[in-house]
Structures are given as C-alpha cells and as structure tokens.
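Below: the structure, in structure tokens.
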Amino acid sequence: MKKLLSVLMAAAMLVGVLSLAGCGGNGGETTTDPAADADNSAATTETAGDLTTVTAGKLTMSTNAQFPPYEMVADDGSFEGIDIEVADAIAKKLGLELQVDDMDFDAALLAAQNGKSDMVMAGVTVNEERQAVMDFSDSYAKGVQVVIVPEDSDIQSIDDMDGKMIGTQRGTTGYIYCSDTPENGGFGEEHVTAYDDGATAVKALLNGQVDCVVIDNAPAQEYVKANPGLKILDTEFANEDYAIGVAKGNTALLDAINGALKELIDDGTVQSIIDKYIPAEAAN
C-alpha cells in the first residue's frame, strides 16, 4: 500500500506532460461524418442560441473508441458505450445532434484543447496538468486503475511490480504513474512499455512481452472476460474522476454542458446508463 500512496501523491506533482490522457488510442482517426475534418478546421458556428460549436447544429465529441464499456465500435460500425450515451443525452438537452469523431486518444484531447472538437469524452481523468491546458466539467463517473496479471503470476500486490515490465496505454494516467521515478512512487520509465490501446497491451501480456498491465477497471473487466488465464489484482492501483474536457476559457459551452449534466445526474439518467454497461455486481 506504500507504493499505492506514493503513486497517488506523485500524480499531483507531475508536470510537463504533453497530451495528458485517461485512456489509449487506436493510432488512426475516423469520423461519423466524412466532412467533419474540414468542418473542424474551420471551427465556430452559432448554434442553440448563444452557444458556439464547431459545426452548426452539432455537438462534436472527440474520443477513442477502444475503451469498453465507455466507448467502443458496435458490430454495425456505429459507436456505443457510457460516454457515447451520456454525450448524446447532453446534446439532446442542448438542442444539438451528437457528432462522434474517433481518433487516437492523444489526438482526441488535442482536438478539444485546440477547438477542433467541442469536447472530449474518453474516460478522461482530471488532474492538475490537464486542468492547466483544458477546462473540465463536473465529474460524471469514477475510474479505478487496476492491474491485470496472468493467473499464475508471482505479482500478488502493487509492491510486487517492482522490477517487472509493465504494459500501459500510451499517454494515459496509468503510463504517467508507472513511468515516474521510484522516488516519486513510479517504477521507472525503463520498466514501462506503452501501447496504442488496451487491447494491444493485453495481447503483449498474453504473449509474455510484459508481466502486467495497468488500465482502468471497466475495460480491464472486459479484457479479462475475453481472455481466459488472466485476472485482476484485488488491490486498486489508483482512484480517479472522469469528466468532459473543453477548450480552455470556453465558459459558455462548459456552463451549458454542466447544466445539462446536472439535470441528467439528478434525474438518474447518467446512473441508468452506467448501470446498463456496468451492472452493480460487476462494479463491486
């Protein structure tokens, strides 16, 4: 537990991290609208009264759809998941149509930061470094970082990770925590391998290229379910808050999102969406 406390303290002191992220990416960018990239580069059109969005009549959400059950690609090619449904509910509250742009996670953060998308939702964790370059909504969900290991692994606790090779998603808080120096509660950059997405990190674990994988609990549950022979350590690695990121200083949009989000939390909509994808028994 000393290591866990050190990791959490280190998270508050990290600086200078580019494209600070809460989950990984698939290395490429797609969009639900082929014209979205051109529209995004143009930016700002008046919609929904005084609210300014990237594309007229739409609320553009950048994400990485490789983070089940928060965002993922359905069999028919559409997007689904907790973040997708919450974002759609927010868009409807604002009288807008949701536009989902799927891309690498670092790019998703930068798109919102630079005003190429209206907001980023991708299991994004709020911390001081991200708050320095983006503004965030109120939290709508809790994230827990956990450790995936083979069932016969000699890693039984966080402290057992010392000297092991750790797999993470590129640009995530898991990567930030783990790659920090041992003095700051990490394991050292030389002991961490970053992958484009969680699925690739888990594949590396199955192939023996890494000894464990640090990732958010919700996708971890999905990966373990799909890959017999893996398990999740009982000890949590870190606890985090998920929120919606927007460009720094975009107060009008942030206030509108927070207003809609509050209504959706108060009337139980957000919790019902979370329960749909993460049943209570799976969350315990």
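Everything quoted here is computed from the prediction, not taken from an experiment.
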Would you confirm whether S137, through its side chain, and N258, through its main-chain N or O, come within 3.5 Å as a donor-acceptor pair? no
Can you check whether F105 and F67 have ring centres sitting under 6.0 Å from each other? no
Is the ring pair Y140/Y242 parallel, tilted or perpendicular, if the boundaries are 30 and 60 degrees? tilted
Are any side-chain N or O atoms of N239 and backbone N or O atoms of V144, one a donor and one an acceptor, separated by less than 3.5 Å? no
Main-chain N/O of A65 paired to T63 side chain as donor or acceptor, under 3.5 Å: no
Using the rule given for side-chain contact (heavy atoms from CB on, under 4.5 Å), can you reason through M161 versus V147, listing the C-alpha separation, both sets of side-chain angles and the distance that settles it, and then say yes or no? CA-CA 10 Å; M161 293 167 60; V147 183; 3.8 Å; yes
Under 6.0 Å from the CD atom of Q271, do we count more than 12 heavy atoms belonging to anything else shown? yes
Decide if atom CG of N207 counts as having more than 12 heavy atoms of other residues, nucleotides or ligands within a radius under 6.0 Å. yes
The test is side-chain contact (heavy atoms from CB on, under 4.5 Å); show your working for M61 and I84 and say whether it passes. CA-CA 9 Å; M61 164 188 168; I84 304 298; 3.8 Å; yes
CA sep, side-chain torsions, deciding dist, call: K142, E240, salt bridge (charged side-chain N to carboxylate O under 4.0 Å, His left out): CA-CA 6 Å; K142 295 284 185 181; E240 305 169 321; over 6 Å; no
Tell me if a side-chain donor or acceptor on D104 pairs with a main-chain N or O of D106 at a distance below 3.5 Å. yes
Roughly how far, to the nearest 0.5 Å, is CG of L253 from OG1 of T52? 9.0 Å
Donor-acceptor pair, distance only, cut-off 3.5 Å: does the side chain of D211 make one with the backbone of I166? no
Yes or no on salt bridge (charged side-chain N to carboxylate O under 4.0 Å, His left out) for E97 and K92, after CA distance, side-chain angles and deciding distance? CA-CA 7 Å; E97 176 188 352; K92 285 181 169 63; over 6 Å; no
Strictly distance-based, threshold 3.5 Å: is any side-chain N or O of D76 a donor or acceptor partner for the main-chain N or O of S78? yes
N/O donor-acceptor pair under 3.5 Å between D135 side chain and G249 backbone: yes
Give a yes or no answer on whether the side chain of D160 reaches the backbone of S157 with a donor-acceptor pair at less than 3.5 Å. yes
